[in-house]
**Student:** 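Below is a structure I'd like to ask you about.
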Amino acid sequence: MKEAKTQVNKVLNKLIPLYAHVPIGIKYVTPFQLVVGVILSAQCTDERVNQVTATFFDDFQTAQDFAQLSQAKLEKMIKPTGFFRNKAKNILGAANMILHDYQGVIPNSMKELIKIPGFGRKTANVILARLYEINEGVCVDTHVMRLSQRLRLTKHKDPIRIERDLMAITSQKHWETLSHCLIWHGRKVCKARKPNCTECVLNKICPFAPAPFAGSSV
DNA sequence: CTCCCGATAT
DNA sequence: ATATCAGGAG
């Protein structure tokens with residue numbers, strides 16, 4: 001716990017200068033387009049999500065716009081992002097629920113957001129932080145999970161416990177920054193398959209870094 | 001735990 | 001061939 005706090009402070013000091021001013025990867029204009037982008041981003045790169053959404057975001061902007069689509073047509077539109085049946089069903093379900101239960105306004109609490117089909121804590125955290133500047137938790141995606149384990153910010157493997165650990169060792173104002181930085185660093189440097197420890201600014205404090213670096217020799 | 005799933009890197 | 005990508009539901 002104490003060690004993890006010290007560690008996460010070092011991590012933030014190193015990563016904030018690199019990534020704090022980098023915008024989020026998912027491109028969107030309207031609030032519901034962010035909802036669509038986040039749903040599509042499950043197990044799919046932001047790059048591909050943007051490539052796909054660019055083909056129809058001009059024509060579809062609000063929950064009302066998307067609610068008018070048929071399941072089949074929406075599936076075709078989003079197919080390259082994978083899981084296209086589930087994602088299409090979730091987008092239509094979300095559009096209809098927001099339209100009918102929330103008067104077209106996306107809810108601003110975790111409690112309400114996770115009632116929406118396809119919304120777990122990670123998705124809800126992104127929506128809350130981006131649309132309302134509310135931080136009820138830390139976004140834990142595949143990158144945050146991997147880097148948290150490599151840097152020993154947690155000893156757990158499941159997203160819920162990892163989120164709880166990250167919330168415990170950082171102040172709330174840093175929650176969004178932490179996940180944002182870990183995600184970008186995970187993409188660019190601390191990659192799942194071939195981590196570039198040689199050029200990593202964390203290699204001296206990272207237990208996962210191989211022999212030449214300080215991390216592994218502790 | 002398994003399943004959903006296409007596209008890319010290794 | 002296999003692992004991976006801003007996950008969530010059953």
Side-chain angles (χ1 to χ4, degrees), chain A residues 15 18-28 31-57 71-72 74-95 97 107 110-131 135-151 153 156-164 166 174-197 208:
Chain A
L15 296 187
L18 296 180
Y19 306 112
H21 300 292
V22 178
I24 70 163
I26 297 166
K27 291 180 182 171
Y28 66 99
F32 193 77
Q33 286 179 343
L34 176 62
V35 169
V36 173
V38 177
I39 290 174
L40 295 181
S41 71
Q43 295 296 290
C44 180
T45 61
D46 281 354
E47 196 179 344
R48 185 158 306 284
V49 171
N50 293 335
Q51 186 180 323
V52 165
T53 56
T55 66
F56 59 80
F57 267 2
Q71 169 81 20
L74 185 53
E75 282 180 7
K76 277 189 181 178
M77 291 161 56
I78 66 172
K79 195 160 191 176
T81 67
F83 299 159
F84 58 89
R85 295 185 188 87
N86 284 336
K87 287 175 180 176
K89 184 149 51 82
N90 290 338
I91 289 168
L92 290 177
M97 188 176 291
M110 176 68 69
K111 185 172 180 293
E112 297 301 318
L113 282 172
I114 60 179
K115 292 179 183 173
I116 297 173
F119 274 57
R121 287 191 60 86
K122 181 260 159 184
T123 301
N125 275 325
V126 175
I127 300 294
L128 287 172
R130 297 302 308 179
L131 294 186
N135 293 281
E136 294 199 18
V138 178
C139 298
V140 178
D141 73 326
T142 180
H143 297 297
V144 174
M145 206 177 309
R146 183 178 67 255
L147 270 68
S148 296
Q149 288 165 352
R150 286 181 176 174
L151 290 163
L153 304 179
H156 292 295
K157 287 186 168 182
D158 60 296
I160 299 291
R161 289 182 183 177
I162 292 174
E163 181 179 4
R164 201 176 56 206
L166 295 178
H174 285 134
W175 289 353
E176 190 192 2
T177 306
L178 177 63
S179 57
H180 179 82
C181 287
L182 290 180
I183 287 163
W184 275 106
H185 196 62
R187 272 189 180 169
K188 299 295 184 185
V189 180
C190 191
K191 292 179 281 190
R193 275 204 176 180
K194 221 180 81 179
N196 191 355
C197 299
F208 188 78

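Every chain is numbered from 1, with letters handed out A, B, ... down the list of sequences. Just the heavy atoms: all of them, side chains too, but no hydrogens, waters or symmetry mates, feed the values below.
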**Student:** When all nucleic acid strands are considered with a 4.0 Å heavy-atom cut-off, which category describes A:Arg146: base, sugar-phosphate, or nothing?
**Tutor:**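 Counting heavy atoms under 4.0 Å across all strands, the contact made by A:Arg146 is with sugar-phosphate only.
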**Student:** So does A:Lys188 have more than 12 non-hydrogen atoms from other groups sitting under 6.0 Å from NZ?
**Tutor:**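 Open: at most 12 neighbouring heavy atoms sit under 6.0 Å from NZ of A:Lys188.
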**Student:** Does any donor atom in the side chain of A:Glu176 or A:Asn125 lie under 3.5 Å from an acceptor atom in the other side chain?
**Tutor:**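 A:Glu176 vs A:Asn125: no donor-acceptor pair found between side chains.
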**Student:** Which nucleotide in the set C:dA6, B:dT8, C:dG7 lies at the smallest distance from any side-chain heavy atom of A:Thr123?
**Tutor:**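 The closest nucleotide is C:dG7.
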**Student:** Say you pick atom P in B:dC4 and the same atom in C:dA1; how far apart are they, in whole Å?
**Tutor:**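 That atom pair is separated by 22 Å.
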**Student:** Here's a test of your reading of the structure: between A:Thr45 and A:Lys191, which maps to the more 5' nucleotide of DNA chain B?
**Tutor:**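 So the residue in question is A:Thr45.
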**Student:** List the atom of A:Ala94, the atom of A:Pro117, and the distance in Å for their closest heavy-atom pair.
**Tutor:**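 Reported closest heavy-atom pair: N-CG, 3.7 Å.
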**Student:** In residues 74-83 of chain A, what residues come within less than 4.0 Å of DNA chain C, judged by heavy atoms?
**Tutor:**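 Those residues are A:Phe83.
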**Student:** Scan for side chain to side chain donor-acceptor pair (under 3.5 Å) pairs involving residues 75-85 of chain A, sequence neighbours excluded, and state none if there are none.
**Tutor:**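 For residues 75-85 of chain A: A:Gln71-A:Glu75.
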**Student:** Between C:dA6 and B:dT2, how many Å separate the two P atoms, rounded to a whole number?
**Tutor:**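 Looking at atom P only, C:dA6 and B:dT2 are 23 Å apart.
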**Student:** Rounded to the nearest angstrom, tell me the gap between atom NZ in A:Lys89 and atom P in C:dG7.
**Tutor:**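 Roughly 18 Å, once rounded to whole Å.
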**Student:** Taking NZ, NE, NH1 and NH2 as the nitrogens, is one of them in A:Arg187 or A:Asp46 under 4.0 Å from a carboxylate oxygen of the other?
**Tutor:**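 Salt bridge present between A:Arg187 and A:Asp46.
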**Student:** Heavy atoms only, 4.0 Å cut-off, all strands: where does A:Ile24 land among base, sugar-phosphate and nothing?
**Tutor:**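 Touches a base.
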**Student:** Does OP1 or OP2 of C:dC5 have a side-chain N or O of A:Arg48 closer than 4.0 Å?
**Tutor:**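 For A:Arg48, the contact criterion (side-chain N or O under 4.0 Å from OP1 or OP2 of C:dC5) is not met.
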**Student:** In whole Å, what is the span from the CZ atom of A:Phe119 to the C1' atom of C:dA9?
**Tutor:**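 So the CZ-C1' distance, A:Phe119 to C:dA9, works out to 15 Å.
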**Student:** Given atom CG of A:Leu113 and atom P of C:dG7, what is their separation to the nearest angstrom?
**Tutor:**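 Atom CG in A:Leu113 sits about 17 Å away from atom P in C:dG7.
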**Student:** Could you state the atom-to-atom distance from NE2 of A:His143 to C1' of C:dT4 in whole Å?
**Tutor:**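 Atom NE2 in A:His143 sits about 9 Å away from atom C1' in C:dT4.
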**Student:** Pick the P atom in C:dG10 and in B:dC5, then give their distance to the nearest Å.
**Tutor:**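 14 Å, rounded to whole Å.
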**Student:** Using atom NZ of A:Lys115 as one end and atom P of C:dG8 as the other, report the distance to the nearest whole Å.
**Tutor:**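 So the two atoms are 18 Å apart, to the nearest Å.
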**Student:** Rounding to an integer number of Å, can you tell me how far A:Glu163 CD sits from C:dG7 C1'?
**Tutor:**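 For the pair A:Glu163 CD and C:dG7 C1', the rounded distance is 13 Å.
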**Student:** Scan side-chain atoms only and decide if A:Tyr19 and A:His180 contain a donor-acceptor pair under the 3.5 Å cut-off.
**Tutor:**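 Short answer, no.
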**Student:** Whole angstroms only, please: what is the CD-C1' distance between A:Gln43 and C:dC5?
**Tutor:**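 Rounded to whole Å, this separation is 6 Å.
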**Student:** After noting the C-alpha distance and the side-chain angles of A:Val35 and A:Tyr28, does the key distance pass the side chain to side chain contact (heavy atoms under 4.5 Å, CB included) rule?
**Tutor:** CA-CA 9 Å; A:Val35 169; A:Tyr28 66 99; over 6 Å; no
**Student:** Does the base of C:dT4 carry an N or O that pairs as donor and acceptor with the side chain of A:Arg193 under 3.5 Å?
**Tutor:**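 Checked by distance alone, the answer is no.
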**Student:** Taking only the side-chain nitrogens and oxygens of A:Thr142, find out if one of them lies under 4.0 Å from OP1 or OP2 of C:dC5.
**Tutor:**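 For A:Thr142, the contact criterion (side-chain N or O under 4.0 Å from OP1 or OP2 of C:dC5) is met.
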**Student:** Taking for each residue the nucleotide of DNA chain C with the nearest heavy atom, is it A:Ile114 or A:Gly25 whose nucleotide lies nearer the 5' end?
**Tutor:**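 In this pair, the answer is A:Gly25.
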**Student:** Which whole-number value in Å describes the distance from A:Asn196 CG to B:dT10 P?
**Tutor:**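 Rounded to the whole Å, the gap is 11 Å.
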**Student:** Looking at every non-hydrogen atom in both residues, tell me the closest pair between A:Thr123 and A:Gly118 and how far apart they are.
**Tutor:**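 Heavy atoms of A:Thr123 and A:Gly118 come nearest at OG1-O, 4.1 Å.
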